[in-house]
Amino acid sequence: MNLSLAAEEVATFYGKMLDHEYTTKEVFQNNFFSDWRKEMTAEERKVIKHLDKCDFTEIHRYFVDRTAARKALSKEEKQKLKEEAEKLQQEFGYCILDGHREKIGNFKTEPPGLFRGRGDHPKMGMLKRRVLPEDVTINCSRDSKVPEPPVGHRWKEVRCDRTVTWLAAWTENVQNSIKYIMLNPSSKLKGERDWEKYEVARRLKGVVGEIRSQYRADWKSPEMKARQRAVALYFIDKLALRAGHEKEEGETADTVGCCSLRVEHIRLHPEADGRPYVVEFDFLGKDSIRYYNKVPVEKPVYENLQLFMENKGPGAELFDRLTTASLNKHLQDLMDGLTAKVFRTCNASLTLQGQLRALTRAEDGVAAKVLSYNRANRAVAVLCNHQRATPKTFEKSMQTLRSKIEAKVKQVAEAKAELKKARADHRSRGDSRSKSFLEKRGRLLEKLEEQLRRLSMQATDKEEGKQVALGTSKLNYLDPRISVAWCKRFGVPVEKIYNKTQREKFAWALDMAGEDFEF
DNA sequence: AAGATGACTTAGAAACGAATGG
DNA sequence: CCATTCGTTTCTAAGTCATCTT
């Protein structure tokens with residue numbers, strides 16, 4: 001069936017995704033179909049009444065072919081495309097801020113498509129509309145040259161607001177939230193804020209002892225609200241949980257953080273695995289990532305939790321007298337600039353610093369030191385519950401790595417035998433030719449052994465990290481000065497820890513951290 | 001005081017492109 | 001040289017938190 005332009009475009013959004021799991025979900029299908037019908041002409045609507053009677057395979061094939069064709073392009077054609085992209089980047093990807101040319105993070109508006117929410121999102125599959133110039137507000141200084149809207153169009157508004165950092169913004173139709181064009185993490189502005197964030201976290205380190213004695217005292221407070229706050233704060237401090245705002249029901253996936261925990265999300269065990277007063281957490285957090293943990297807690301915490309759960313159903317709020325606003329207000333009183341998330345930053349950075357101290361051995365080679373760093377990084381990722389889906393090809397690539405190791409072990413054994421032979425040969429002959437041959441064999445064995453060491457390290461690393469995402473903590477929670485100082489102290493080139501982009505983002509730390517920096 | 005809004009950080013997945021090895 | 005693998009970059013959703021509005 002030939003479709004109208006609008007209906008066809010929306011159909012392609014679905015057809016493109018045909019081999020994605022999303023299209024098997026009922027919510028996704030229903031939302032898509034309902035929004036698709038809105039784009040149809042009255043005639044189309046009369047014909048197209050059931051999604052399961054629509055066949056998108058031809059559309060799907062078109063996009064598969066197009067991808068293949070793009071991949072098959074000649075070197076020159078690919079180079080040309082690359083140059084065009086670079087030209088766009090140069091023209092639109094930068095701005096002037098306070099006289100400095102700064103890179104923009106996302107300089108393109110988001111294209112239309114089907115909304116891909118995470119977890120059980122009630123709006124998955126809805127149509128995300130195309131952004132028009134008429135939707136976009138431009139923010140730039142009064143004396144600057146205002147960017148031209150595309151021909152025949154106009155901006156929604158041009159304003160000059162010096163109190164915010166965004167360059168352009170529009171409202172997105174699915175969640176009715178504002179989307180922004182902002183600077184790249186390498187910019188001075190973002191760098192300064194990043195530095196400030198870690199300075200606040202360092203200040204918390206100085207007063208956290210006091211805060212702990214305070215909330216311990218509050219566990220016995222006659223006021224229920226103070227008790228709940230004190231127990232919640234204990235979790236945020238000890239387990240690095242997120243604050244956990246109330247969310248509007250039916251608008252987003254059902255996820256929680258500390259303050260929004262419900263009775264159904266924890267189980268109390270008087271004793272578990274030989275430890276007393278154990279709390280078992282099981283809930284979906286940000287991005288619908290499951291948080292599962294069994295932690296022994298102090299007795300008053302346990303007893304308070306029993307109290308909070310009394311006479312409540314599984315769907316009831318655990319901390320019914322507590323909100324993130326009141327918690328943060330309390331924290332603000334304890335330390336200037338303190339909010340719930342600062343605990344996460346502080347805990348993460350201290351964990352990295354402590355783990356590096358515990359794991360690094362000065363006599364190790366660079367590769368082993370980098371492995372130690374990754375282990376320390378991993379400890380933080382586990383603390384913050386940063387997970388990823390096990391890569392689809394994990395088992396396969398693990399298997400190849402294992403066989404590579406086996407092969408290398410054999411090679412080493414052979415090289416050893418060869419070396420032995422060469423040594424005997426040299427002893428009996430004693431000439432320079434057999435000597436240089438012996439040396440050659442020695443070097444070969446060394447090289448192979450080094451390769452083997454590297455491979456087995458790789459294997460350990462891979463297995464331990466298959467479900468752990470290291471990037472998020474590295475980018476957002478670990479004070480880069482800790483890493484820079486560690487690199488300097490142990491003679492590890494910083495490039496082994498931070499790639500180019502990361503070095504640009506952390507330029508401020510590369511400059512300022514000496515080898516004796518302490519968080 | 002509560003709820004809504006706006007601005008910003010944090011998050012994992014997907015796309016992309018360079019390195020590696022058969 | 002090509003296919004596969006793996007690290008990097010891009011994308012945009014989903015949080016946090018302050019401030020505005022009612």
Side-chain angles (χ1 to χ4, degrees), chain A residues 17 20-22 67 70-72 78 81-82 85 89 93 105-111 113 115-119 121 123-124 128 137 139 161 163-166 169 171-172 174-185 189-190 193-194 196-197 236 241-248 251-253 255-260 284-289 323-329 331-332 337-345 348 381 384-389 391-394 396-398 400-401 404 407 458 462 467-477 498-502 504-505:
Chain A
M17 292 178 70
H20 200 288
E21 205 202 331
Y22 271 122
T67 308
R70 199 168 294 169
K71 211 178 145 196
K78 277 183 183 165
L81 285 176
K82 209 176 156 188
Q89 169 73 42
N106 55 330
F107 65 91
K108 296 172 181 168
T109 56
E110 294 169 14
F115 177 75
R116 295 150 97 119
R118 311 271 172 94
H121 197 117
K123 297 192 170 185
M124 63 167 73
K128 193 169 87 167
T137 301
N139 187 32
D161 186 347
T163 67
V164 296
T165 73
W166 53 269
T171 299
E172 160 267 357
V174 176
Q175 317 232 55
N176 210 252
S177 64
I178 310 170
K179 299 273 184 150
Y180 301 93
I181 300 291
M182 287 185 189
L183 294 184
N184 187 272
L189 179 80
K190 294 279 190 191
R193 297 207 169 184
D194 211 28
E196 281 165 14
K197 174 181 78 184
I236 286 171
L241 299 189
R242 296 186 185 85
H245 282 102
E246 264 340 295
K247 295 169 74 183
E248 215 176 328
E251 293 291 306
T252 59
T255 64
V256 297
C258 186
C259 294
S260 50
L284 296 183
K286 180 175 179 180
D287 291 303
S288 294
I289 298 291
T323 65
T324 51
S326 69
L327 174 66
N328 278 334
K329 194 171 167 305
L331 293 175
Q332 186 60 242
L338 185 61
T339 62
K341 85 186 185 77
V342 180
F343 284 87
R344 244 166 109 77
T345 311
C384 294
N385 200 40
H386 292 143
Q387 299 187 32
R388 59 169 185 179
K392 284 198 175 68
T393 54
F394 179 83
K396 203 178 143 229
S397 66
M398 197 65 207
T400 27
L401 188 54
K404 243 193 244 173
Q458 234 179 54
K462 204 181 169 81
Q467 281 183 313
V468 184
L470 301 184
T472 302
S473 50
K474 201 173 184 180
L475 247 37
N476 301 298
Y477 287 101
Y498 292 133
N499 68 29
K500 185 164 152 283
T501 317
Q502 293 164 342
E504 278 164 12
K505 165 166 174 156

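A note on names: the letters A, B, ... follow the listed sequences, proteins ahead of strands, and every chain is numbered from 1.
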A:Lys197 has its side chain closest, among B:dC8, C:dT16, B:dT10, to B:dT10
Among B:dT10, B:dC8, C:dT16, the nucleotide that comes nearest once only the side chain of A:Tyr477 is considered:
B:dT10
Short side-chain N/O contact to C:dA13 OP1/OP2 from A:Gln175, under 4.0 Å:
no
Mind running side-chain contact (heavy atoms from CB on, under 4.5 Å) on A:Thr255 and A:Lys247 for me, showing each step along the way?
CA-CA 8 Å; A:Thr255 64; A:Lys247 295 169 74 183; 2.6 Å; yes
Would you say the side-chain atoms of A:Ser260 and A:Glu246 include a donor-acceptor pair closer than 3.5 Å?
no
Stepwise side-chain contact (heavy atoms from CB on, under 4.5 Å) check, A:Trp166 with A:Ile178
CA-CA 11 Å; A:Trp166 53 269; A:Ile178 310 170; over 6 Å; no
Quick one, A:Tyr498 with A:Lys505, criterion side-chain contact (heavy atoms from CB on, under 4.5 Å). Give me CA distance, side-chain angles, the key distance, then yes/no.
CA-CA 10 Å; A:Tyr498 292 133; A:Lys505 165 166 174 156; over 6 Å; no
So what does A:Lys82 touch, heavy atoms closer than 4.0 Å: a base, only the sugar-phosphate, or nothing?
sugar-phosphate
Is any side-chain nitrogen or oxygen of A:His20 closer than 4.0 Å to OP1 or OP2 of B:dA13?
no
Let's see if you can work this out: which of B:dA14, B:dA13, B:dT9 has an atom nearest to the side-chain heavy atoms of A:Ala389?
B:dA13
Could you check which of B:dC8, C:dA18, C:dG15 has an atom nearest any side-chain atom of A:Lys286?
C:dG15
Under 4.0 Å from OP1 or OP2 of B:dA11: is there any side-chain N or O of A:Arg242 that close?
yes
Nucleotide of C:dA13, B:dC8, B:dG6 approaching A:Lys190 most closely (side-chain heavy atoms)
B:dC8
Does C:dT8 have its OP1 or OP2 closer than 4.0 Å to a side-chain nitrogen or oxygen of A:Asn499?
yes
Ignoring backbone atoms, establish whether A:Asn106 has a side-chain N or O less than 4.0 Å from OP1 or OP2 of C:dC11.
no
Less than 4.0 angstrom between a side-chain N/O of A:Ser288 and OP1 or OP2 of C:dA14, yes or no?
no
Consider the side chain of A:Trp166, meaning its heavy atoms from C-beta on, and name the nucleotide among B:dA11, C:dT12, B:dC8 that approaches it most closely.
B:dC8
Nearest-nucleotide wise, let me know which of A:Lys500 and A:Thr109 is further upstream toward the 5' end of DNA chain C.
A:Lys500
N/O (side chain, A:His245) to phosphate O (OP1/OP2, C:dC17) under 4.0 Å
no
Is there a donor on the side chain of A:Lys341 or the base of B:dT10 sitting less than 3.5 Å from an acceptor on the other?
no
Taking 4.0 Å as the cut-off, does a side-chain nitrogen or oxygen of A:Thr339 come that near to OP1 or OP2 on C:dC17?
yes
Nearest to side-chain heavy atoms of A:Ala340, which nucleotide of C:dC17, B:dA11, B:dA7
C:dC17
Under 4.0 Å between a side-chain N or O of A:Arg344 and OP1 or OP2 of B:dA11?
yes
Does A:Thr252 put a side-chain nitrogen or oxygen below 4.0 Å from OP1 or OP2 of C:dA14?
no
Testing A:Arg344, A:Lys197, A:Lys341 for side-chain contact (heavy atoms from CB on, under 4.5 Å) with A:Tyr477, which one passes?
A:Arg344
Considering heavy-atom distances to DNA chain C, does A:Gly244 or A:Asn184 have its closest nucleotide positioned more toward the 5' end?
A:Asn184
Please determine if a side-chain N or O atom of A:Lys247 lies less than 4.0 Å away from the OP1 or OP2 oxygen of C:dG15.
yes
What nucleic acid atoms does A:Tyr180 come within less than 4.0 Å of, heavy atoms only: base, sugar-phosphate, or nothing?
base
Determine the sole option in A:Met17, A:Lys123, A:Lys128, A:Met124 for which the side-chain contact (heavy atoms from CB on, under 4.5 Å) test with A:Arg116 is passed.
A:Met17
Do the side-chain N or O atoms of A:Thr165 get closer than 4.0 angstrom to the phosphate oxygens (OP1, OP2) of B:dC8?
yes
So, OP1 or OP2 of B:dG6: does either fall under 4.0 Å of a side-chain N or O from A:Lys179?
no
